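Note that the structure is a prediction, hence the values are computed from the model and not measured. Atoms considered below: every heavy atom in the structure, side chains included; atoms not considered: hydrogens, waters and symmetry mates.
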Amino acid sequence: MIDILILGAGWTSTFLIPLCEAEGVSYAATTRSGSNSTIPFNFPDDADFSKLPDARTVLVTFPLQKGWSARLFDGYGRNADWIALGTTSIWGADGWTLAEDEFPGTVLCLSGLWGGPRNARRFVLKAAASKAALEARNSLHLIHGQDVARAILAVHRKPSPGRGCSPTALSSAWSPEHAGWVRELVKQHGIRALPRDTGLLRRMLDSSEFWETHGIEPEKARV
């Protein structure tokens, strides 16, 4: 039996696999093609569950759709703890919400994935293309792939079924132009200090309970 079975060895696995190797966590991973010594596994089209090894934890990295959880759970047919990587795009999308609610394990709600080829600055450019857009945005959440991997291993070691938030706050990814807008808006709205109190933010992800539960802190809290 292995420790973690990764269903879908994509971007997350580039951080998770090195961490597993560094910490002596045994693993196996799947891809559709079976490339790079992975197990070929084409879900939901042509999924051969007999190829999958027994694992203590099964990690689902691809977005869930309604009805997929039961197909994965029944198809695997072995006792294991389950983790899925969720997304903030479920806000206002009932289909995604239902799909994640059906999941029989822990859903890690992730937002603003960065690291490796994913540059955090692109989130800033997209979210605040103008001073008005920046003013309308109350918060921006990011999490580095290294901290995603650490969160996965934390849940593997201490399963906690349900939805857990594990983003980290944006600390510094402003261009000089953005920094100028921030200074102007702080003065305009009478904000005395940054970051603002969470009570002043309308929509946000509070990940403090997740990190406290597992006794770890994000390592990449600054960008």
Side-chain angles (χ1 to χ4, degrees), residues 1-87 96 99-110 113-118 143-167 210-211 213-216 218-220:
M1 176 178 286
I2 61 171
D3 290 315
I4 295 180
L5 172 60
I6 306 166
L7 298 184
W11 177 82
T12 300
S13 70
T14 63
F15 299 93
L16 179 58
I17 288 176
L19 185 61
C20 286
E21 292 174 344
E23 299 196 5
V25 176
S26 57
Y27 67 90
T30 74
T31 58
R32 288 182 176 273
S33 64
S35 60
N36 298 321
S37 301
T38 59
I39 302 166
F41 185 71
N42 192 4
F43 183 89
D45 303 320
D46 185 26
D48 183 358
F49 286 90
S50 67
K51 296 179 180 179
L52 303 180
D54 293 346
R56 294 180 177 84
T57 298
V58 179
L59 170 68
V60 181
T61 68
F62 46 81
L64 292 169
Q65 295 187 27
K66 189 176 179 181
W68 282 16
S69 291
R71 291 179 62 184
L72 286 166
F73 191 74
D74 294 341
Y76 189 65
R78 283 155 276 180
N79 189 31
D81 294 315
W82 289 75
I83 304 173
L85 302 186
T87 172
W96 289 112
E100 293 189 1
D101 286 344
E102 293 173 345
F103 191 72
T106 302
V107 177
L108 291 177
C109 187
L110 305 175
L113 300 172
W114 72 285
R118 297 187 178 186
I143 185 167
H144 192 278
Q146 182 175 320
D147 286 319
V148 174
R150 294 175 63 245
I152 291 167
L153 287 194
V155 176
H156 162 67
R157 290 165 174 149
K158 186 179 179 181
S160 51
R163 181 172 284 124
C165 295
S166 55
F210 175 86
W211 298 108
T213 296
H214 294 283
I216 57 176
E219 291 184 346
K220 298 287 186 177

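No side-chain donor-acceptor contact under 3.5 Å links Asn36 and Thr38. Side-chain atoms of Asp3 and Ser26 include a donor-acceptor pair closer than 3.5 Å.
By the 4.5 Å heavy-atom criterion applied to side chains, Thr213 and Lys158 are counted as neighbours. Annotation: side chain of Val58 is in contact with side chain of Tyr76 (closest heavy-atom distance under 4.5 Å). Residues Leu72 and Leu64 form a side-chain contact, since some pair of their non-hydrogen atoms from C-beta on lies under 4.5 Å apart. Looking at heavy atoms from C-beta onward, Arg150 lies in side-chain contact with Ile216 at the 4.5 angstrom threshold. Counting heavy atoms from C-beta on, the side chains of Leu16 and Leu59 come closer than 4.5 Å. Side chains of Thr57 and Trp82 form no contact here, defined as non-hydrogen atoms less than 4.5 Å apart. You'll find the side chain of Leu108 reaches within 4.5 Å of the side chain of Ile83, heavy atoms only.
Atom CZ of Arg71 is separated from atom CD of Gln65 by 10.0 Å, given to the nearest 0.5 angstrom. Ser69 OG to Asp74 CG: the interatomic distance, rounded to the nearest 0.5 Å, is 10.5 Å. A distance of 5.5 Å separates SG of Cys20 from CD1 of Ile6, quoted to the nearest 0.5 Å. Taken from CD1 in Ile152 to OG1 in Thr106, the straight-line distance is 11.0 Å, to the nearest 0.5 Å. For the atom pair Trp114 CH2 and His144 NE2, the distance stands at 4.5 Å (nearest 0.5 Å). The distance from the CZ atom of Phe62 to the CG atom of Leu7 is 5.5 Å, given to the nearest 0.5 Å.
At least one donor-acceptor pair under 3.5 Å links the side chain of Trp11 to the backbone N or O of Gly115. In this structure a side-chain-to-backbone donor-acceptor pair under 3.5 Å is missing from Thr31 to Ala9. Between the side chain of Thr30 and the main chain of Gly8, a donor-acceptor pair closer than 3.5 Å is present. Glu102 contributes no side-chain N or O that, together with a main-chain N or O of Ala70, makes up a donor-acceptor pair within less than 3.5 Å. Side-chain atoms of Arg56 never come within 3.5 Å of backbone atoms of Ile4 as a donor-acceptor pair (strictly under, hydrogens ignored).
Of all heavy-atom pairs spanning Asp54 and Arg78, the tightest one is OD1-CD, 2.7 Å. The two residues Ala80 and Ala55 have their closest heavy-atom pair at CB-O, 3.4 Å.
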Quiz item: When you look at Leu19 and Leu153, which way does the side chain to side chain contact (heavy atoms under 4.5 Å, CB included) test go after all the steps?
Solution: CA-CA 9 Å; Leu19 185 61; Leu153 287 194; 3.6 Å; yes

Quiz prompt | Trace of the ring-ring contact (aromatic ring centres under 6.0 Å, His included) decision for Phe41 with Phe49 | solution = CA-CA 8 Å; Phe41 185 71; Phe49 286 90; 5.2 Å; yes

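Asp45 is linked by a side chain to side chain contact (heavy atoms under 4.5 Å, CB included) to Arg32, Asn42, counting only residues two or more places apart in sequence or in another chain.
In the displayed structure, Phe43 atom CZ is contacted under 6.0 Å by more than 12 heavy atoms of other residues, nucleotides or ligands. For Asn79, the CG atom sits in a loose shell: 12 or fewer heavy atoms of surrounding residues, nucleotides or ligands are nearer than 6.0 Å.
Judged as a salt bridge (charged side-chain N to carboxylate O under 4.0 Å, His left out), the pairs with a partner in residues 19-30 (not counting sequence neighbours) are, in order, Glu23-Arg157.
Taking the six-membered ring wherever Trp is involved, the centroid distance between the rings of Phe103 and Trp68 does not fall below 6.0 Å.
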